[in-house]
Amino acid sequence: MRIATTIFLTDETISPVRLARELEQRGFSGLYLPEHTHIPVSRETPAPMGEPLSREYGRSLDPFVALGQAAAVTERLALGTGITLVAEHDPIVLAKQVATLDFLSGGRFTFGVGYGWNVEEAADHGVRWATRRNLVRDRMALMRALWAEEPRSYEGEFESVRASYAHPKPLTAPRGRAGAEPLTGPRTLIGGAAGPKLFAHIAEYADGWMPLGGSGLTRSLPALRQAWRDAGREGEGPEIVPCGVVPSEGKLAHYQDLGVSEVILDLPSAGEAEVVRALDEFAQYL
């Protein structure tokens, strides 16, 4: 089971370059970064992680720029978003960012996709909250068209694109789906709470699930694996990658017993000294 990390990198924390080097030196498998473009001061949406909302949410670095720095100073470290708020992006531009980062990193990128929790943040991007999941699904399909080897158009409920030349391409090989076009693009994980709609979307256009914290997996995994089979997906089943985990030996052993392929440990959003201490503590789990 691979041991990766996640952190809110901000203008006040350890730098992406310094953190990436420390992670690779110690043998951690990856670095996943979250995303918030902004946090409106006037906010009615309660933060699911509790109030008051921590300072780092409104100060987070752009994950693609930060991961680009991390890619440039490492050779083996996997790089990912945990998660990208796809509904808040122009999908044609986002497809280019994802493909470029994956190409320049030698195929090390994992596209963590999510729907968000902050209604006001999404509204400033013109997102209608009730339709955001279908919007993300539509934009992912458009991006897959741009990542396809041959020019392919896409016409969806919300988005469309003409058949286009769009390079570079992500380096991950297309994955099979019975009776449907193969999935193109980098390894893709969808975050979110367990439920039939989420599991159907994972089975349709992703490689696995990125649950926050990983609680309740024993109850949820049978339904997800059934949705995977019902969708005609090939292979052993979806990848399960809990994110934001506070580790213990018993918890990690439980995840391994459930068939979890990777765990993403939660680092403090802090300066270099505190983050390095946390890495030294987490190194016992490698």
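We're numbering straight along the sequence, starting at 1.
- No option in Leu33, Thr13, Leu9 other than Leu9 meets the side-chain contact (heavy atoms from CB on, under 4.5 Å) test with Leu19.
- Nearest heavy-atom pair across Ala145 and Tyr154 is CB-CB, 3.9 Å.
- The aromatic rings of His36 and Tyr57 lie tilted to each other, with the angle between the two planes from 30° to 60°.
- Annotation: Leu183, atom CG; neighbour count of heavy atoms from other residues, nucleotides and ligands within 6.0 Å is above 12.
- Screening Arg139, Arg137, Arg144 for a salt bridge (Lys or Arg N to Asp or Glu O under 4.0 Å) with Glu159, the sole residue that qualifies is Arg139.
- Between Arg225 and Pro238, the shortest heavy-atom distance links the atoms CG-CD, 4.2 Å.
- Side-chain contact, His38 with Asp124: a donor N or O sits under 3.5 Å from an acceptor N or O.
- Remark: the Thr45 side chain and the Glu120 side chain contain an N/O donor-acceptor pair separated by less than 3.5 Å.
- Taking hydrophobic clusters as Ile, Leu, Val, Met, Phe, Trp and Tyr residues chained together by side-chain heavy-atom distances below 4.5 Å, Leu53 does not share a cluster with Val41.
- Pairs of residues two or more places apart, or lying in two chains, that qualify as salt bridge (Lys or Arg N to Asp or Glu O under 4.0 Å) and include a residue from residues 258-270 are Arg2-Glu262, Arg187-Glu262.
- More than 12 non-hydrogen atoms from other residues, nucleotides or ligands lie less than 6.0 angstrom from CZ of Phe158.
- Relative orientation of the Phe109 and Phe64 rings is tilted, given thresholds of 30° and 60° on the angle between their planes.
- In this model, no donor atom of one side chain and acceptor atom of the other lie less than 3.5 Å apart for Arg55 and Thr10.
- Linking ILVMFWY side-chain heavy atoms closer than 4.5 Å, directly or via other members, places Leu189 and Val263 in two distinct hydrophobic clusters.
- Counting only heavy atoms from C-beta outward, the side chains of Leu94 and Thr84 approach each other to under 4.5 Å.
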- Dump the intermediate steps for salt bridge (Lys or Arg N to Asp or Glu O under 4.0 Å) on Arg152 and Glu181, then the final yes or no. CA-CA 12 Å; Arg152 179 157 59 87; Glu181 291 186 1; 3.0 Å; yes
